Each structure stands twice: as structure tokens, then as C-alpha cells.
Amino acid sequence: MKVFNTQTRRKEEFVPVEPGKVKLYACGPTVYNYFHIGNARPFVIFDTLRRYLEHRGMEVAFVQNFTDIDDKMIRRANEEGITVKELADRFIAAYYEDAAALGIRPATVHPKATEHMPEIIDIIEKLMAKGLAYAVRGDVYFDTQAYKNHYGKLSGQNMEDLESGARVDVDEVKQHPMDFALWKTQKPGEPAWESPWGMGRPGWHIECSAMSMKYLGETVDIHGGGQDLIFPHHENEIAQSEGATGKPFVRYWMHNGFLNIDNEKMSKSLDNFLTVRDIRQQYDPEAVRFFLLSAHYRSPLNFSAEQIEQAKAALDRLYTARDNYLFILEKAEDKTSSDADTVLMDTAKAAVVRFDEAMDDDLNTADAMGVLFDLVKQANIGLGTDSAKAAVQAVLDAFAAMGDVLGLVKPKQQEDDAQVEALVAARATARKERNWAESDRLRDEIKSLGYTVEDTAQGQKVRKG
RNA sequence: GGCGCCAUAGCCAAGCGGUAAGGCGAAGGUCUGCAAAAUCUUUAUCACCAGUUCGAUUCUGGUUGGCGCCUCCA
């Protein structure tokens, strides 16, 4: 598999440190609110990456953190009149619900910053011991000047350029404008933890380093996040991690492009923030996932109602196709494959190969989805009453393999409803008698129970919805 | 000022040296008691200019138009 590495700015062959095992870390949400559609993009992307790696037989240790202590958390908790912990608990629970709706599987571990104070403090102490950090009145800062050799290597900036672009109102406590906080001293009313520098809380960047190292070791294979995290967040993670361990922190950096809303950047000032929680009220979340995977992960993507509706229509085609194949499978005979069957089985196998090739090319989900639709097209043409069971099954297997990686098209569940079955049976009789009025009446009645019945060459096909 | 990205049909989006995947939408056929589904046909010289090349959407330079980071942010 090839992966675009932000650090080198080119596609590189992905080789995990340990063959067959992948250590993957993705920056998770700060749980001060429901996560928004822009947050959802990396979650879906790295979930898909993880699924794909597993599909290729890799064992993936996937860590995605929760930032449950920072300025925004404290401010929001104060506004709500609850503790930071209560706020975090509420939105962590909400995260799992919304993520599940988007087909995002839970990571191997979802560590919380507040539960890793010893690990965080440990790294800071190492940095202090190496002269790469300094304490000032209870704050601790990373000393970019002392470290300077590599600072800026991920974002492609050098210290001088960063300085010239830096804000003028330099915090006087810091020795250098680029220095960043590892530990912040407690302010009145804020949650705080004990440390060698007094009561306080960790800076934002250090928590990811601490949790990544704790669960995945000093070097991870892939670290992902949004492009806006490249600087300063990931740059700082590298500095503090490599400063502390002397080892490479991350082998491949993957960053997803932005998601805009109606061609504008999502921002609070524009008041165009869309949370997944809200979107779920209006749209099928699976269509949202489809939409998020419909473009390459590094491209910018524009969210609009029209896009979601298009995605929904496309998704429906997939569901209809899958349900048709399942219906045909039930009726299909377990017979020797015809030439046409053999061709179709080969097509199905080839599709998975092409799908993998697309995904191997820096996770080209758009291309991969095209392969899925190609298979659907071929199967819709080739599969019919006279297809051998093996051919139908081959198509379904290929379909499922691709769908599983994309996290799209959920497995069909049995929908036994005695009342509906009786109506369908009655309708079959009416149809045999060519009593179309009764047939249509029964179809309406079935519809009113929430099912749709379609007439095919093989008889009636019923589906929910 | 520094670093970087993008421009492909009505909409979305792959491709990235040998004359354009796929989806949505639209129009017209086929099948069907009707409906649904499916299927067939039609719907693009790839922003502009100049180079390199036998050949460029694909490489180089430029122009125009969007956008991001450099400050909390996925």
C-alpha cells in the first residue's frame, strides 16, 4: 500500500515496523460539544483505513483519544454549571452514539487525557532533564530554541518564518514565541492535578504524545488527523516526543483535507456549524458516510444538502442491488455453473482485486467505490433466474468484502412479520387469479405496515421501508 | 510576508503522457397488468496562454479564479 506522507510530501510504500501489525493513532475530539461534520471526516477516514488494513490481513492497534480537559472544556462546563468531568462524560457518550450512526467502529482504545497524568508528567520530566523544557511560575514550556534542529520539519516551516508570522503579543513568560505549554499552572476554579511544578493541567499537545506512547510505544506507524493539526499540534507532538525519547515518533503522517459547508469554511462566527447530531435528524447517517468517502481524503470536500441527497440515492442503488442478489440467491439452483456464471464469478473476484488496488493507492475511496458500482452493473446484467447459486454467492461475497471495508451497506437482518407474510400470500393468490384490484389493494396495505413489495419474474420481493 | 492545496460534464468525482471510471440528475427506448427494480441510448476536446514531446487533461513556466495553514480548530 502506498500512503501520502505529509512529512515527505510524497506517496511512500507503507511498511509497518512490525510485519503484519499496524500501530495507528488518530487525534480524537475535544468533548465539549457534539462533534461536527468536519470532525466526522477524519473519524470516518481513519476508521476506513483501519478496516482496509484489517481486510488485508493486518492486525491493527488503533488508538483515538478524547481530549477531556482544555480551555474550551472549562469554559463550556462553567457556562452549563457542571463539572468538566460531567461535561466530558456527556459528550463522550454522545460521541459513541453519533460515531456508531456513521458506521465508525470503536477504536482498540479510546484513552482520556485526564486519566494519563502520570504518563504526561513523565514525559515532561524527561524533557526537563534533557534541557528541552523550562518551568516558569508553575507553567512548563517546551524550549524550541534548545531543540531547534528539527522544529518545523513536518509543516515545512523554519523557525525564522514562523517567527515572522507569529503573533506580536508574545506571552512574556515564554522565552521564545514558538515555545509552547506542556503544563499550565492552575487558575482559580479550574480542575488541576498534582505535579512537580505544582497544581495544574497539561497542555494540549502533550496528551497525544503521552497516550500514543503508552498504548503504541515510542514509534507508531501512522498518525492521522486534519490538515489544520499539522501546525502547531503535530509539529509540537514530534518535538516533545522525539525530544523525550530520541526516537522517531511517527513513520507516516496522514492528514485529511477540510470539509466546507456551502463552499464556506465551517466556523462559529459564520454560524454554519453542523453537528452530526443535528444532521442525523434530517439525513440517513449512512448517506453521510458515503458522502465523506466519495472524494479522496486529502481533497477538500463541500457539504451541502444536495450532496447528501445524491449520496443517499447512490446508496439506495447499492442496497437495492444487494437485496436483489439475496433474493436471487434464495431462488437460485445449486447447479453447475454456466459459462455466463463463470464469467461473473471471475468479474466478482477481479472487482475485489481492483478495489484493493484503488485502496492501495493512498486510500483512493472514490476510485474504490467506482469498482463497487462496476460490479453492481455487471451483476445486474448477468444475474438472473437461471444463475447458479455459486455465481450469486460469489457476487455477494465480493460485494460484502468491499462494503465492509467502506463501512457501507449493513448486513441484511431477518424481517419476519407474520402479518405481512399473510398479506403477501393472499396477494400471490390474487395475482394468480389476475385480480389486479385486490393485488394493488394488498400492496397498499403492506405498504401501510412499512414494507414495500415488488413483483419480479421470481415472484414477490418484500423489503422494509 | 512564509508554507501549501485546488480548477475534469447540470451536480459530485476518479484518472495524471497515448485522445476521458463511477455515481446523482435529465431526455428517450426496452421489460412490466400497473408500480418498483433493472437495462439500453444520449448528456465533456478536462479554466486560459505558452513551452517540452511523435503525442498533454496528465510534465514545465505563466495568467486568471478559488482555498487552507502560519492563532483554539478535524
Side-chain angles (χ1 to χ4, degrees), chain A residues 6 9 26-30 32 35-46 67 70-72 75 152 154-158 160-169 177-178 204 224-233 235 255-260 263-268 273 290-291 293-302 304 306-318 320-321 323-324 327 354 358 361 364-377 379-381 383-384 431 434-437 439-440 443-444 447 452-457 460-461 463:
Chain A
T6 306
R9 288 181 189 168
C27 289
T30 300
Y32 68 109
F35 67 86
H36 58 69
I37 183 70
N39 296 309
R41 172 123 99 140
F43 300 159
V44 166
I45 285 163
F46 293 110
T67 296
D70 85 330
D71 293 341
K72 293 190 294 287
R75 195 186 328 127
L154 179 66
S155 52
Q157 313 254 355
N158 59 49
E160 290 70 34
D161 293 337
L162 285 168
E163 270 181 64
S164 64
R167 273 206 176 160
V168 190
D169 54 333
M178 285 300 108
W204 173 40
Q227 279 171 354
D228 53 341
L229 295 184
I230 294 172
F231 190 91
H233 186 53
E235 196 70 71
H255 292 98
N256 63 274
F258 269 91
L259 188 133
N260 296 326
N263 291 313
E264 284 182 316
K265 180 181 169 162
M266 242 189 314
S267 75
K268 285 168 198 161
F273 237 66
F290 185 108
F291 160 72
L293 293 174
S294 67
H296 186 87
Y297 75 90
R298 281 189 285 116
S299 306
L301 187 56
N302 187 46
S304 70
E306 190 188 1
Q307 293 319 310
I308 300 303
E309 279 153 23
Q310 287 186 9
K312 174 62 176 164
L315 223 208
D316 284 346
R317 176 173 165 83
L318 254 23
T320 302
D323 290 350
N324 282 160
F327 183 74
R354 279 208 294 142
D361 184 15
N364 194 336
T365 52
D367 204 12
M369 285 165 92
V371 175
L372 217 202
F373 278 98
D374 276 340
L375 174 67
V376 165
K377 181 77 155 188
N380 283 345
I381 295 169
L383 244 34
R431 295 181 62 72
R434 302 184 69 80
N435 184 349
W436 305 128
S439 171
D440 290 351
R443 181 164 61 196
D444 288 344
K447 183 85 188 165
T452 302
V453 60
E454 295 171 7
D455 299 309
T456 75
Q460 298 179 76
K461 189 159 85 68
R463 66 180 164 81

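Here is the naming used below: chain letters follow the sequence lines, and residue numbers restart at 1 for every chain. This structure is a prediction, so every number in the text was calculated from the model and none was measured.
A donor-acceptor contact shorter than 3.5 Å is absent between the side chain of A:E454 and the backbone of A:K461. Remark: the backbone N or O of A:V453 is not paired with any side-chain donor or acceptor of A:R443 at under 3.5 angstrom.
Proximity of A:R354 to the phosphate of B:A21: no side-chain N or O atom is located under 4.0 Å from OP1 or OP2. The side chain of A:K377 places an N or O atom within less than 4.0 Å of a non-bridging phosphate oxygen (OP1 or OP2) of B:C40.
Within 4.0 Å of A:L372, counting heavy atoms only, lies no atom of the nucleic acid at all. The residue A:D374 sits close only to the backbone: its heavy atoms come under 4.0 Å of sugar-phosphate atoms, none of a base. Across all strands, A:N324 comes closer than 4.0 Å only to sugar-phosphate atoms, never to a base (heavy-atom distances). Counting non-hydrogen atoms under 4.0 angstrom, A:D440 reaches a base of the nucleic acid. Within the 4.0 angstrom heavy-atom criterion, only backbone atoms of the sugar-phosphate kind lie near A:F373; the bases stay farther away. If you check every strand for non-hydrogen atoms under 4.0 Å, A:G225 touches sugar and phosphate atoms only. The residue A:R443 sits close to a base: some heavy atom pair falls under 4.0 Å. Within 4.0 Å of A:I230, counting heavy atoms only, lies no atom of the nucleic acid at all.
When the P atom of B:C34 is taken as reference, atom CG of A:D444 falls 17 Å away, rounded to whole Å. With rounding to whole Å, A:L375 atom CG is found 19 Å from B:A21 atom P. Rounded to whole Å, atom P of B:C6 lies 16 Å from atom NE2 of A:H255. Across the protein-nucleic acid pair, A:D228 atom CG and B:C67 atom P stand 17 Å apart, rounded to whole Å. Note: CG (A:D316) to P (B:G23) measures 15 Å, nearest angstrom. Between the CG atom of A:L318 and the P atom of B:A38 there is a distance of 11 Å, given to the nearest Å. For A:N435 and B:G33, the CG to P distance is 15 Å, given to the nearest whole Å. Here B:C24 presents its C1' atom at 11 Å from CD of A:E309, a figure rounded to the nearest Å.
Across every strand in view, B:C59 sits in a pair with B:G51 that passes the Watson-Crick or G-U test at under 3.5 angstrom. B:C3: Watson-Crick or G-U partner is B:G68, with both key distances under 3.5 Å. Searching all strands for a Watson-Crick or G-U wobble partner of B:C34 with both distances below 3.5 Å returns nothing. Judged by Watson-Crick or G-U wobble contacts below 3.5 Å, the nucleotide B:A44 has no partner.
Taking atom C1' in both B:C16 and B:C59, the straight-line distance is 10 Å, to the nearest Å. Nucleotides B:G51 and B:G65 are separated by 23 Å at their P atoms, to the nearest Å. To the nearest whole angstrom, the two P atoms, one in B:A74 and one in B:C3, are 26 Å apart. Between B:U53 and B:A20, the distance separating the two P atoms is 24 Å to the nearest Å. Atom C1' of B:C46 sits at a distance of 10 Å from the matching atom of B:U58, rounded to the whole Å. B:C72 sits 34 Å from B:G15 when the P atoms are compared, rounded to a whole Å. Across B:C48 and B:A14, the matching C1' atoms stand 24 Å from one another, rounded to whole Å. Distance check on atom C1': B:U8 versus B:G23 gives 15 Å, rounded to whole Å.
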Let me see the working for A:Y297 and A:T365 under side-chain contact (heavy atoms from CB on, under 4.5 Å), right down to the final yes or no. CA-CA 8 Å; A:Y297 75 90; A:T365 52; 6.0 Å; no
For side-chain contact (heavy atoms from CB on, under 4.5 Å), just list the numbers for A:W436 and A:R431, CA-CA rounded to whole Å, side-chain angles, deciding distance to a tenth of an Å, and then say yes or no. CA-CA 7 Å; A:W436 305 128; A:R431 295 181 62 72; 3.7 Å; yes
Do A:F290 and A:I308 pass the side-chain contact (heavy atoms from CB on, under 4.5 Å) test, and can you show the C-alpha distance, the side-chain angles, and the key distance before you say yes or no? CA-CA 8 Å; A:F290 185 108; A:I308 300 303; over 6 Å; no
Check the pair A:F291, A:V44 against side-chain contact (heavy atoms from CB on, under 4.5 Å), reporting the backbone distance first and the verdict last. CA-CA 11 Å; A:F291 160 72; A:V44 166; over 6 Å; no
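Counting atom types as modelled, A:D455 pairs a side-chain N or O with a base atom of B:C34 as donor and acceptor under 3.5 Å. Residue-to-nucleotide contacts include a donor-acceptor pair under 3.5 Å from the side chain of A:R431 to the base of B:G33.
To the nearest 0.5 Å, atom CG of residue A:D323 and atom CZ of residue A:R463 are 7.5 Å apart. The CZ atom of A:R298 lies 11.0 Å from the CD1 atom of A:I45; values are rounded to the nearest 0.5 Å.
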Letter per nucleotide, 5' to 3', of nucleotides 12-17 of chain B [B base touched, S only sugar-phosphate touched, - untouched; heavy atoms, 4.0 Å]: SSSS--
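Nearest heavy atom pair, residue A:R9 against residue A:L154, reads NH2-O, 4.0 Å. Closest approach of A:H296 and A:N364 over heavy atoms only: ND1-CA, 3.9 Å.
Mapping A:T456 and A:R434 onto RNA chain B by nearest heavy atom places A:R434 at the nucleotide closer to the 5' end. Of the residues near RNA chain B, A:E454 and A:A311, the one whose nearest nucleotide (by heavy atom distance) lies more toward the 5' end is A:A311.
When each of B:C69, B:C40, B:A35 is scored by its nearest atom to the side-chain atoms of A:F231, the top-ranked nucleotide is B:C69. Set against B:U39, B:A37, B:A74, the side chain of A:L259 has B:A74 as its closest nucleotide. Closest contact between the side chain of A:M178 and the listed nucleotides B:A74, B:U71, B:G4 involves B:U71.
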